[in-house]
Amino acid sequence: MDKSWMHSDRRSKAYELGVEAFLNFSVENLLTTTHIRCPCVKCVNLKLFGVGIIRDHLYFNGVDQSYKNWTFHGEPWEAATNASRNVEEDDDHSRYSFVSEEIEMDDNDFGDFGSDPYEFANVIGDRDQPLYPGCRKYTKLSALVKLYNLKAKYGMSDVCFTELLILQGDLLPEGNTIPASMYEAKKTLCTLGLSYEKMHACPNDCILYRKEYEDLTHCPNCGISRWKEGKDSILKEGVPAKVVWYFPPIPRFKRMFRSHETAKSLTWHAARKSIDGYMSHPADSPSWKLLDEKWPEFGNEPRNLRLALSSDGFNPHSSLSSRYTCWPVI
């Protein structure tokens, strides 16, 4: 189905015909006219309305241009898959095509990529989508990343950042692709696999309040309270005294294999052969070969990853100028 209308001016005839075609498509597939997800930039498929209200939203707010696969409105997965595979095709493969044929991946290997396992390709498409028609310096994705870095650097609140996005959208020319809210920005970045988990921790770094310690209110080692103490020395129950931000590595590893070029580099060690007898790659080392011998199932899998620790960012005694410390823990 033609989706070019999503990038047209809302006042144009092409946009009007596209809206009607989209609504007819939704009604035919969902068999309802009253409970349909609204794909406008404010609702982003989170709210259900009737056809009339959705039509008004699409004209007043505009359609969410990142919603390229209409899976919420009856588009079959096969069509979504084919649409996603058309991202930046080169002579043989798309640079971001799926590498299941290359390394014999099945559907289970895609893991937990959200409700749409192919939405990552849409984000890669945003990488080359101009910030506004005619813009050559910034793309939708690069602009969003720079703005989000400013938010983190200067500690902007979510409300402040949303207001900044709205102002930027008004200042830029018509047809710009700046997200309209903090929610939309987070949705894009989480699709990249940049999610994180917050875990409560003992202020003395004894334990993390997870698994068997999840329901405790005091550390079993040092006895200190889990909750923060106020100025009046009264504990604020529910407010953690210390929080650890955990960035899970596995979703990031999976993202790496979604790129054809990166996947080829990651599996290169399995196909290469050392012809000169010298150690030119870690795969030539005795340690690498010992791992292959001790765990042959792991060693025979070309997608296996071997991790190394880096000490860059450690600040164990707060002796550096930075106020944070970054600890890679395996």
Side-chain angles (χ1 to χ4, degrees), residues 77 81 84-85 87-114 116-121 123-124 127 189-199 201 205-208 210-213 244-316 325-330:
W77 285 110
T81 302
S84 298
R85 289 180 183 231
V87 181
E88 285 195 23
E89 291 189 351
D90 55 22
D91 293 337
D92 298 316
H93 292 278
S94 165
R95 281 196 292 152
Y96 291 89
S97 66
F98 308 109
V99 297
S100 54
E101 297 85 358
E102 289 270 331
I103 51 181
E104 299 180 357
M105 293 173 69
D106 58 31
D107 291 340
N108 294 328
D109 290 319
F110 286 126
D112 51 349
F113 286 116
D116 181 358
Y118 302 101
E119 64 185 1
F120 179 62
V123 180
I124 297 303
R127 187 201 65 171
L189 295 177
C190 286
T191 304
L192 286 171
L194 302 179
S195 59
Y196 57 86
E197 300 174 23
K198 290 184 179 181
M199 302 179 184
D205 301 324
C206 300
I207 64 162
L208 293 174
R210 59 192 295 266
K211 295 185 176 180
E212 67 269 26
Y213 303 129
V244 171
W245 291 46
Y246 172 61
F247 296 86
I250 291 178
R252 288 159 174 78
F253 296 154
K254 291 181 177 179
R255 291 298 187 214
M256 293 163 68
F257 280 105
R258 300 302 290 275
S259 162
H260 176 73
E261 291 182 354
T262 306
K264 183 182 290 186
S265 298
L266 291 171
T267 57
W268 176 77
H269 66 87
R272 67 178 294 277
K273 300 292 182 183
S274 178
I275 58 175
D276 55 8
Y278 291 98
M279 188 170 67
S280 57
H281 184 273
D284 300 325
S285 67
S287 300
W288 187 292
K289 295 174 181 177
L290 179 62
L291 281 175
D292 288 346
E293 292 174 2
K294 293 187 68 174
W295 294 281
E297 184 178 356
F298 175 81
N300 292 330
E301 169 57 66
R303 290 170 293 172
N304 66 57
L305 296 176
R306 307 176 192 221
L307 308 182
L309 289 178
S310 169
S311 62
D312 184 32
F314 276 52
N315 189 17
T325 176
C326 182
W327 295 72
V329 178
I330 305 299

Practice task
Kindly indicate whether the side chain of L266, heavy atoms from C-beta on, has any atom under 4.5 Å from the side chain of F253.
Solution key: no
Exercise for the section: Under the side-chain contact (heavy atoms from CB on, under 4.5 Å) rule, collect the residues that match up with I250, sequence neighbours excluded. Expected result: K254
Exercise for the section: Hey, could you give me the CD/CE distance between E261 and M256, rounded to the nearest 0.5 Å? Expected result: 13.5 Å
Handout entry: Heavy-atom pair with the smallest gap, counting every atom of L208 and A201
Key = CD2-CB, 3.8 Å
Expected list for residues 288-298: side-chain donor-acceptor pairs under 3.5 angstrom, two or more places apart:
residue: D292; atom: OD1; partner: R306; partner atom: NH2; Å: 2.5

Handout entry: Rounded distance [0.5 Å steps], CH2 in W245 versus CD in E197
Key = 12.5 Å
Practice task
Would you give the length of the straight line joining atom OG1 of T262 to atom NZ of K264, rounded to the nearest 0.5 angstrom?
Solution key: 11.0 Å
Practice task
Of all the heavy-atom pairs spanning P302 and H269, show the shortest one and how long it is.
Solution key: O-NE2, 3.4 Å
